[in-house]
J.: 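Handing you this structure, nothing more for now.
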Amino acid sequence: MSLQERANFGSKLGVVLATAGSAVGLGNVWRFPYVAGQNGGAAFIVCYIACIVVLGLPCMISEFIIGRRARSNTARAYRRLGGRRGWMLIGGLGVLTGFLITGYYAVVSGWCLQYIYASLTGRLHGDPQYVRDYFTTFETDPLQPVLCTVLILAATHLVISRGVRRGIERASKMMMPTLFVLLLLIVATSCLLPGAERGIAFLLKPDFGKVDGDVLLGALGQSFYSLSIGMGCLCTYASYFSRETDLAGTAVKIGAIDSVVAVLAGLMIFPAAFSVGVEPDSGPSLIFITLPNVFHQAFASLPLLGDAVALLFYALLSLAALTSLISLHEVSTAFLSEELNLSRHRGALVVTVSTAVIGAFCSLSLGGYEGLQLLGWPLFDVFDFVTGQIFLPVVGFLTCLFVGWHLPDALVREEFTNGGTLRGRLYGLYIFCVRVVCPVCIVLIFLHQFGVV
């Protein structure tokens, strides 16, 4: 696709909703509530929002600048702006990261589809051990999780193959408002349960005595991963922005949407959990093991309402997963289309089939197949560790150095201010964060993941 032929989003609303859909995903609805629960609730949320401002927004704006200025796929964008082919390695690593994440992220996304079916057919009723056994049996099944993975990737393919405006933008305009409506419905239902006020207080009344180094570093890490930084999504989507798009303003809107969804996800889950005596730090099992039992207990007197809430919840999860999968898929599709001169349909098909194969292997590795393990780790966990704890911080760190120290200041300022048409009063603060604050924060995140700090 040539520079002149490159597609654009058709409206400001499309820009915000599509890019917000990239950021809003299982990280908000699944990971954020249990991380907040493990780190003190409201105090963690305050730290998280501060980290979004200090780390998330500058990193997001930096990827926007690279993508819009170069108007090409992520790998080529770094080479085009960097002036040397070696810079393409940063963007190439971002594309590879997004591609690998697409494969194993689709596995968890597929679980959400299975739980929609389970909610519809009433298979999530029973004692806590039954619900735990249900998930374990499904997760280790050699067929069902793979089928669910393929189904959600097929849905993603249908959107991507239709292009930027007719596919990504149109789908985002339908899915994001639907996601918010579902979220608000479940929040309202959860907050009206007896005893829900304890869960609300847990999330909205901060106790700063609980804040320590681990909480701050946890908030830094969550803010970094929640906004899809370092995986090529933001850079790729920015290449479809018009020259009139306010990059800083768009980043602020997306950061606000991301934070609101994360807090609402907490209000959706913890009032219900507190109402039945479930601890807020239930961990990663919260969504697929703990919550079905919470819904069952909380609505014991109205089982049909409990089934409806569970169905809406897993539909919400599936929508959040799908919006993120679309952006991840687009990173690789744009790369293949432009670097190999493939049509969008062929590029999308290559990505869909290859990530489905990766997803199938990752899913099967959770079933105990020894041939799909590395150093005793299932392939799923290997992909999660390598991409999340190594590739993402590395790409984010190098991007900050690239924008902050390599690109000409005049170029960065021109993009930040839209060629001088915007005042850009916060440019000095932005460039200081990109040059100094963000690299230090990312190094701390990296070291904290490995238990060094």
Side-chain angles (χ1 to χ4, degrees), residues 9 15-32 35 48 51-52 55-68 73-74 77 90-91 93-106 108-109 156 160 168 171-172 175-176 179 220-241 247 250-262 265 319-335 355 383-384 387-389 391-400 438 441-442 445:
F9 288 117
V15 167
V16 172
L17 291 181
T19 314
S22 170
V24 173
L26 292 181
N28 302 77
V29 187
W30 173 35
R31 191 174 190 271
F32 180 86
V35 173
Y48 170 76
C51 292
I52 287 284
L55 174 63
L57 296 185
C59 287
M60 182 184 295
I61 294 169
S62 297
E63 291 203 35
F64 284 172
I65 287 173
I66 296 169
R68 187 176 70 173
N73 70 79
T74 299
I90 303 176
L93 183 58
V95 173
L96 175 63
T97 302
F99 175 73
L100 296 178
I101 291 175
T102 306
Y104 81 83
Y105 189 88
V108 183
S109 305
T156 305
I160 293 295
I168 298 171
S172 299
M175 289 192 292
M176 290 301 293
L179 186 149
L220 271 178
Q222 178 64 24
S223 67
F224 183 80
Y225 300 123
S226 179
L227 293 174
S228 300
I229 294 166
M231 57 186 74
C233 301
L234 301 175
C235 185
T236 300
Y237 272 17
S239 71
Y240 305 132
F241 289 1
L247 301 185
T250 300
V252 169
K253 291 173 185 175
I254 293 164
I257 291 172
D258 181 85
S259 300
V260 168
V261 170
L319 273 178
L322 186 56
T323 58
S324 291
L325 272 176
I326 288 169
S327 65
L328 287 164
H329 196 296
E330 176 63 16
V331 174
S332 301
T333 299
F335 174 79
T355 52
F383 275 58
D384 184 33
T387 57
Q389 299 194 37
F391 287 179
L392 287 182
V394 168
V395 175
F397 179 80
L398 293 176
T399 296
C400 290
C438 294
C441 288
I442 294 170
I445 292 169

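FYI, side chains are in, hydrogens and waters are out, and symmetry mates aren't considered; it's all heavy atoms of this structure.
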J.: Could you grab the distance from atom CE of Met60 to atom SG of Cys233, nearest 0.5 Å is fine?
T.: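 The distance works out to 11.0 Å.
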
J.: Test of understanding: with side-chain contact (heavy atoms from CB on, under 4.5 Å), list the residues that count as partners of Val252, not counting sequence neighbours.
T.: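 Result, side-chain contact (heavy atoms from CB on, under 4.5 Å) vs Val252: Leu57.
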
J.: When rounded to the nearest 0.5 angstrom, what distance separates CZ in Phe335 from OG1 in Thr74?
T.: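 Result: 9.5 Å between the selected atoms.
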
J.: Please name all residues satisfying side-chain hydrogen bond (donor to acceptor under 3.5 Å, both in side chains) with Ser62, sequence neighbours left out, ordered by chain then number.
T.: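 Ser62 satisfies side-chain hydrogen bond (donor to acceptor under 3.5 Å, both in side chains) with Tyr430 once adjacent residues are dropped.
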
J.: Evaluate the side-chain proximity of Val331 to Met231: yes if any heavy-atom separation is below 4.5 Å, no if none is.
T.: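 The answer is no, as the side chains (C-beta and beyond) never meet within the 4.5 Å cut-off.
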
J.: Could you measure the distance from the CG atom of Leu227 to the OG1 atom of Thr19? Nearest 0.5 Å is fine.
T.: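 Interatomic distance, Leu227 CG to Thr19 OG1, rounded to 0.5 Å: 11.5 Å.
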
J.: Kindly indicate, with the supporting measurements, whether the criterion side-chain hydrogen bond (donor to acceptor under 3.5 Å, both in side chains) is fulfilled by Thr387 and Thr97.
T.: CA-CA 6 Å; Thr387 57; Thr97 302; over 6 Å; no

J.: Output all residues satisfying side-chain hydrogen bond (donor to acceptor under 3.5 Å, both in side chains) with Ser324, sequence neighbours left out; order by chain, then residue number.
T.: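 Result, side-chain hydrogen bond (donor to acceptor under 3.5 Å, both in side chains) vs Ser324: none returned.
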
J.: Would you call Leu247 and Phe241 a side-chain contact if the rule is heavy atoms closer than 4.5 Å?
T.: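 Sidechains of Phe241 and Leu247: in contact.
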
J.: Taking ring pair (Phe, Tyr, Trp, His ring centres under 6.0 Å) as the definition, give me every residue that meets it alongside Tyr237, ordered by chain and number, with sequence neighbours left out.
T.: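 Tyr237: ring pair (Phe, Tyr, Trp, His ring centres under 6.0 Å) contacts with Phe9.
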
J.: What residues, two or more places apart in sequence or in another chain, satisfy ring pair (Phe, Tyr, Trp, His ring centres under 6.0 Å) together with Tyr105?
T.: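 Ring pair (Phe, Tyr, Trp, His ring centres under 6.0 Å) check on Tyr105 returns nothing, list empty.
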
J.: Can you tell me how far the CD atom of Gln222 sits from the CG atom of Asn28, to the nearest 0.5 Å?
T.: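 Between Gln222 CD and Asn28 CG, I get 7.0 Å after rounding to 0.5 Å.
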
J.: Using the salt bridge (charged side-chain N to carboxylate O under 4.0 Å, His left out) criterion, which residues pair with Glu63? Sequence neighbours excluded.
T.: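 With neighbours one apart ignored, the set is empty.
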
J.: Checking Thr102 now: which residues fulfil side-chain hydrogen bond (donor to acceptor under 3.5 Å, both in side chains) with it, not counting sequence neighbours?
T.: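 With sequence neighbours excluded, Thr102 shows a side-chain hydrogen bond (donor to acceptor under 3.5 Å, both in side chains) to no residue whatsoever.
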
J.: Can you give me the closest heavy-atom contact between Val395 and Gly94, atom names plus distance?
T.: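 Minimum heavy-atom contact is CG2-N, 3.9 Å.
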
J.: Return the set of residues passing side-chain hydrogen bond (donor to acceptor under 3.5 Å, both in side chains) with Tyr48 (not counting sequence neighbours), or none when no residue passes.
T.: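 Partners of Tyr48 under the side-chain hydrogen bond (donor to acceptor under 3.5 Å, both in side chains) test: Ser226, Asp258.
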
J.: In chain order, what residues pass the ring pair (Phe, Tyr, Trp, His ring centres under 6.0 Å) check against Phe99, with sequence neighbours excluded?
T.: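 Per chain and number, Phe99 pairs via ring pair (Phe, Tyr, Trp, His ring centres under 6.0 Å) with no residue.
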
J.: Using the test side-chain contact (heavy atoms from CB on, under 4.5 Å), find all partners of Thr333 that sit at least two apart in sequence or belong to another chain.
T.: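 Testing Thr333 for side-chain contact (heavy atoms from CB on, under 4.5 Å), a comparison that skips the adjacent residues, returns Ile160, His329, Glu330, Ser337, Arg344, Ala348, Val351.
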
J.: So Ile229 and Leu392, do their side chains get closer than 4.5 Å, heavy atoms only?
T.: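 A side-chain contact under 4.5 Å is absent here.
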
J.: Which atom pair, heavy atoms only, marks the closest approach of Ile442 to Cys400?
T.: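 Taking every non-hydrogen atom into account, CD1-SG, 4.2 Å.
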
J.: Could you pull out all residues at least two apart from Cys441 that satisfy side-chain contact (heavy atoms from CB on, under 4.5 Å)?
T.: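 Cys441 satisfies side-chain contact (heavy atoms from CB on, under 4.5 Å) with Leu55, Leu220, Val437 only.
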
J.: When rounded to the nearest 0.5 angstrom, what distance separates CG in Leu234 from CD1 in Ile66?
T.: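 Atom-to-atom, Leu234:CG and Ile66:CD1 are 10.5 Å apart.
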
J.: Which pair of heavy atoms, one from Gly388 and one from Pro393, lies closest together, and at what distance?
T.: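 Distance-wise, the nearest heavy atoms are O-CD, 3.5 Å.
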
J.: With sequence neighbours left out, write down each residue that passes ring pair (Phe, Tyr, Trp, His ring centres under 6.0 Å) with Phe224, or none if nothing qualifies.
T.: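 Listed in chain order: nothing, the list is empty.
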
J.: Once rounded to the nearest 0.5 Å, what's the spacing between atom CD1 of Ile101 and atom OG1 of Thr355?
T.: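 Between Ile101 CD1 and Thr355 OG1, I get 12.5 Å after rounding to 0.5 Å.
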
J.: Any side-chain to backbone donor/acceptor pair from Ser228 onto Ser22? Under 3.5 Å, distance only.
T.: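 Answer holds: yes.
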
J.: Without swapping roles, check the side chain of Thr323 against the backbone of Gly21 for a donor-acceptor pair under 3.5 Å.
T.: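 Present.
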
J.: Within a strict 4.5 Å, meaning less than it, do heavy atoms of the Ile445 and Tyr225 side chains meet?
T.: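 A side-chain contact exists here, since the closest heavy-atom pair is under 4.5 Å.
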
